[in-house]
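Just so we're on the same page: letters track the sequence lines, and every chain starts at 1. Predicted, not measured: the structure shown is a model, and the values here were computed from it.
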Amino acid sequence: MAGRIDLRRRVRVADARYGEVVLAGFVQDIRVLKNIAFIVLRDISGVAQIVFKRGSIPDELFEKVCSIPRESVVAVQGFMVESSIAKLGREVIPVEFEVLSEASSPIPIEFLDSSVETSIGRRLDYRFLDLRNPAVSAIFKVQSVITGLLHEFFRSRGFIEVHTPKIVAEATESGASVFPVDYFGRRAYLAQSPQFYKQMLMASGFEKVYEIGPVFRAEPHHTPRHLCEYTSIDFEVSYIESYHDVMDVVEDMIVYVADRIGGICGREFDILGVKPPRIVKGLPRITVREAYKMVESRGYKPTYMEDLDTRGERVFSKAVEEEYGCKAAFLIEFPWRSESRPFYVMRKRDEPDWAYSFDLIWMGLEVTTGGQREHRYDLLRSQCIEKGYNPDNFSFYLEFFKYGVPPHGGSGTGLERLTMRIVGLDNIREAVLLPRDPERVKP
RNA sequence: GCCCUGGUGGUGUAGCCCGGCCUAGCAUCAGCGGCUGUCGCCCGCUGGACGCGGGUUCAAAUCCCGCCCAGGGCGCCA
């Protein structure tokens with residue numbers, strides 16, 4: 001056992017076949033008996049057991065193996081054999097063994113023992129270690145498949161993927177706070193939504209665009225569903241008849257992901273101990289006015305002509321589940337005057353107090369917001385004024401509507417919120433590698 | 001922005017209400033020893049902690065004040 005192991009011959013544990021193999025990974029556990037020792041080696045794909053028998057390897061190596069700190073990185077070359085004794089059903093008989101990087105001990109967080117659950121704060125401080133936990137990395141494997149499926153979905157439907165600026169001159173849409181940045185001595189902001197640019201591209205005749213990218217919100221929310229930086233799944237489509245056409249896209253998109261994710265990520269769902277989501281086409285579309293009644297009949301008093309608040313949304317979700325047997329539903333027709341509805345939404349033709357706007361509520365969580373946009377210049381301008389803004393501040397945006405723009409609409413979905421619902425998380429910070437919240441900007 | 005809760009070994013907790021019985025318990029972890037097959041290994045021994053500063057008191061992990069840090073709820077939102 002003196003040779004170097006050629007790492008180019010390495011295979012992942014899950015791909016290893018019987019016969020000669022090279023594996024490399026972290027030492028998850030070492031169990032030492034008098035004349036036999038076991039190393040459980042973990043890589044991104046799974047775990048394998050290596051058996052060291054005193055006598056069949058040099059004593060010096062045996063002693064060395066016994067003293068390797070947990071979580072060190074090692075490589076082994078040997079033979080994968082079937083084993084009726086090993087619970088994994090197979091194990092590696094080593095020929096060569098190498099420590100590639102020794103870990104210090106103790107490890108600052110405990111991440112593999114389910115009896116000792118490290119708090120989220122400390123886990124995030126040591127996120128690079130936390131992510132070694134298969135139940136944590138599984139979330140991101142699923143998320144990667146989600147975004148892959150989303151790209152597949154949009155492309156198959158003729159959407160053009162775009163990348164809009166993240167440094168912008170003006171604060172977009174509503175009053176949502178923005179992060180100022182110093183742009184060569186001028187004030188600029190981090191984009192809190194690709195909204196205006198998506199709409200610009202409708203004016204450019206792109207017809208269907210989508211973007212999956214970061215957005216920034218400088219709001220000091222202290223909740224398990226808010227981040228100051230998150231990934232937004234945005235799309236915009238032209239030539240719609242109504243905002244129902246937009247909801248159709250959202251619904252198809254969610255169903256596309258939900259239908260496929262379980263089949264692709266079976267192992268990850270097993271590790272996470274949850275069932276893949278079941279979302280079927282035909283989600284109820286319930287007006288806010290109906291929702292007021294639904295929650296009121298369940299003892300919750302809504303504020304009329306306002307959006308449902310957090311508790312209201314939860315009661316609503318429960319009502320939807322009871323009455324429709326659905327975990328998700330569209331909430332439609334929002335009060336125009338509500339602060340959270342921006343000036344660019346199209347108002348209802350016969351009832352201008354209501355807007356062609358929708359939210360997708362999935363088990364009490366607002367996952368998506370969207371609607372039909374007002375594309376008629378004069379109306380858009382007057383709505384801007386009515387909402388209390390100075391149209392001069394939005395001149396670059398209003399320009400888009402002066403030279404012909406198709407009727408259009410679109411929506412934005414929070415990738416992390418979607419991930420939460422798909423893999424069953426109750427804190428959004430579990431759904432992002434390195435969360436940014438009002439208290440945390442590192443690591 | 002407002003409102004709660006909490007900071008005890010590397011990690012997670014018990015103790016705090018009702019100060020002394022705390023030389024601070026347990027689990028995990030780490031170190032040593034034992035066991036030809038472990039697999040949430042097991043058994044024995046050993047190691048390690050009261051966020052910081054001030055106050056009250058004969059006596060403070062425990063009560064009071066300030067600070068720092070961390071969680072959570074609300075508004076709001078994807």
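- A heavy atom lying under 4.0 Å from RNA chain B marks the following residues of residues 418-430 of chain A, by number: A:Asn427, A:Ile428, A:Arg429.
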Across nucleotides 44-51 of chain B, 5' to 3', mark each nucleotide with B, S or - according to how protein heavy atoms within less than 4.0 Å reach it. --------
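- Aromatic ring centres of A:Tyr18 and A:Phe79: separated by at least 6.0 Å.
- Dashed line: the shortest gap from a side-chain N or O of A:Arg311 to OP1 or OP2 of B:C76 is not under 4.0 Å.
- Using a 4.0 Å heavy-atom criterion, one finds that A:Glu313 contacts the bases of the nucleic acid, with or without backbone contacts as well.
- Along RNA chain B, the nucleotide nearest A:His221 and the nucleotide nearest A:Leu365 are compared for position; the residue whose nucleotide lies closer to the 5' end is A:His221.
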What side-chain donor-acceptor pairs closer than 3.5 Å can you find for residues 266-280 of chain A, not counting sequence neighbours?
unit_1, atom_1, unit_2, atom_2, d
A:Arg267, NH1, A:Ser45, O, 3.2
A:Arg267, NH2, A:Ser45, O, 2.8

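- To the nearest angstrom, C1' of B:G40 lies 17 Å from CD1 of A:Ile30.
- Neither OP1 nor OP2 of B:C69 sits under 4.0 Å from any side-chain N or O of A:Arg122.
- Atom pair A:Leu112:CG and B:G40:P shows a separation of 13 Å (rounding to whole Å applied).
- The distance between atom CG of A:Leu124 and atom P of B:U11, rounded to the nearest whole Å, is 15 Å.
- Comparing the P positions of B:A30 and B:U11 gives a spacing of 14 Å, expressed to the nearest Å.
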Using the rule given for salt bridge (Lys or Arg N to Asp or Glu O under 4.0 Å), can you reason through A:Arg347 versus A:Glu374, listing the C-alpha separation, both sets of side-chain angles and the distance that settles it, and then say yes or no? CA-CA 8 Å; A:Arg347 297 163 84 165; A:Glu374 181 52 71; over 6 Å; no
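- A:Arg42 places its CZ atom 19 Å from the P atom of B:C39, with the value rounded to the nearest Å.
- Two residues are said to be in side-chain contact when any heavy atoms from C-beta on lie closer than 4.5 Å; A:Phe97 and A:Val74 meet this criterion.
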Between protein and nucleotides 2-5 of chain B, what N or O pairs are separated by less than 3.5 Å?
none

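- Contact between A:Phe26 and A:Glu71 at its shortest, heavy atoms only, is CD2-O, 3.4 Å.
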Please list, one pair per line, the donor and acceptor atoms closer than 3.5 Å that link side chains of residues 83-91 of chain A to other protein atoms, with sequence neighbours excluded.
unit_1, atom_1, unit_2, atom_2, d
A:Ser83, OG, A:Ile85, N, 3.3
A:Ser83, OG, A:Ala86, N, 3.0
A:Arg90, NH1, A:Ala16, O, 2.7
A:Arg90, NH2, A:Val13, O, 2.9
A:Glu91, OE1, A:Gln49, NE2, 3.1

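- Here A:Ser232 lies out of heavy-atom contact (under 4.0 Å) with every strand.
- Between B:C52 and B:G25, the distance separating the two C1' atoms is 26 Å to the nearest Å.
- Only the P atoms considered, B:G75 is 27 Å distant from B:C68, to the nearest whole Å.
- Between the base of B:C39 and the side chain of A:Gln28 there is no donor-acceptor pair shorter than 3.5 Å.
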Begin from the C-alpha positions of A:Tyr344 and A:Gln372 and carry the test side-chain contact (heavy atoms from CB on, under 4.5 Å) through to its verdict. CA-CA 9 Å; A:Tyr344 53 75; A:Gln372 178 161 10; over 6 Å; no
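- In this structure, A:Arg225 atom CZ and B:G72 atom C1' are separated by 12 Å, rounded to whole Å.
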Begin with the C-alpha distance, continue with both residues' side-chain angles, and end with the deciding distance and a verdict on salt bridge (Lys or Arg N to Asp or Glu O under 4.0 Å) for A:Arg123 and A:Glu430. CA-CA 10 Å; A:Arg123 284 174 47 210; A:Glu430 303 277 5; 2.8 Å; yes
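- Between A:Glu306 and A:Val288, the shortest heavy-atom distance links the atoms O-CG1, 4.4 Å.
- Backbone-only engagement by A:Asp309 is indicated by non-hydrogen atom pairs under 4.0 Å involving sugar-phosphate atoms exclusively.
- Here, B:C17 and B:U5 have their C1' atoms 15 Å apart, quoted to the whole Å.
- With B:C77, B:C74, B:G12 as the choices, the nucleotide that has an atom nearest any side-chain atom of A:Arg314 turns out to be B:C74.
- Under the rule for a ring pair (Phe, Tyr, Trp, His ring centres under 6.0 Å), the partners of A:Tyr256 that lie at least two apart in sequence or sit in another chain are A:Phe153.
- With contacts defined as side-chain heavy-atom distances shorter than 4.5 Å, the pair A:Arg127/A:Asp130 qualifies.
- Considering all non-hydrogen atoms of both residues, A:Arg132 and A:Phe128 come closest at CG-O, 3.8 Å.
- Residues A:Ile120 and A:Gly412 both approach RNA chain B. Their nearest nucleotides, taken by heavy-atom distance, put A:Ile120 toward the 5′ side.
- Regarding contacts with the backbone of B:A78, a side-chain N or O of A:Thr369 is found under 4.0 angstrom from either OP1 or OP2.
- Classified by interplanar angle (parallel below 30°, tilted 30° to 60°, perpendicular above 60°), the ring pair A:Phe396/A:Phe400 is perpendicular.
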Base-pair string, RNA chain B, Watson-Crick plus G-U, cut-off 3.5 Å on both distances, | for inter-strand, is (((((((..((((......[....))))((((((.......))))))...(((((..]....))))))))))))....
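- For A:His226, the ring pair (Phe, Tyr, Trp, His ring centres under 6.0 Å) partners two or more places apart in sequence, or in a different chain, are A:His221.
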Side chains of residues 421-428 of chain A: which donor-acceptor pairs under 3.5 Å do they make with residues two or more places apart or in other chains?
unit_1, atom_1, unit_2, atom_2, d
A:Arg421, NE, A:Trp362, O, 2.8
A:Arg421, NH2, A:Met363, O, 2.9
A:Asn427, OD1, A:Arg429, N, 2.9
A:Asn427, OD1, A:Arg429, NE, 3.4

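- If you take CD of A:Glu416 and P of B:C77, they are 18 Å apart, rounded to a whole angstrom.
- Separating the P atom of B:G19 from that of B:C58 is a span of 15 Å, rounded to the nearest Å.
- Rounded to a whole angstrom, the distance from the P atom of B:G44 to that of B:U28 is 11 Å.
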Using a 4.0 Å cut-off on protein heavy atoms (strictly under), produce a 5'-to-3' string for nucleotides 27-38 of chain B with B for base contact, S for backbone-only sugar-phosphate contact, and - for none. -SSS----BSBB
Taking only distance into account, with no hydrogens and no angle test, what donor-acceptor pairs under 3.5 Å do side-chain atoms of residues 328-335 of chain A form with protein atoms, sequence neighbours excluded?
unit_1, atom_1, unit_2, atom_2, d
A:Glu333, OE1, A:Arg289, NH2, 2.7
A:Glu333, OE1, A:Lys348, NZ, 3.4
A:Glu333, OE2, A:Lys348, NZ, 3.1

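- For the C1' atoms, the distance from B:G9 to B:C29 is 10 Å, rounded to whole Å.
- Residues A:Leu124 and A:Leu434 form no side-chain contact, since every pair of their non-hydrogen atoms from C-beta on lies 4.5 Å or further apart.
- Judged by atom type and distance alone, A:Thr310 reaches the base of B:C76 through a side-chain donor-acceptor pair under 3.5 Å.
- Across the C1' atoms, B:C41 and B:G34 are found 14 Å apart, a figure rounded to whole Å.
- A:Phe235 meets the ring pair (Phe, Tyr, Trp, His ring centres under 6.0 Å) test with A:Phe154, A:Phe159; sequence neighbours excluded.
- The base of B:C77 lies close enough to the side chain of A:His226 for a donor and an acceptor atom to sit less than 3.5 Å apart.
- Across the protein-nucleic acid pair, A:Arg217 atom CZ and B:A78 atom C1' stand 6 Å apart, rounded to whole Å.
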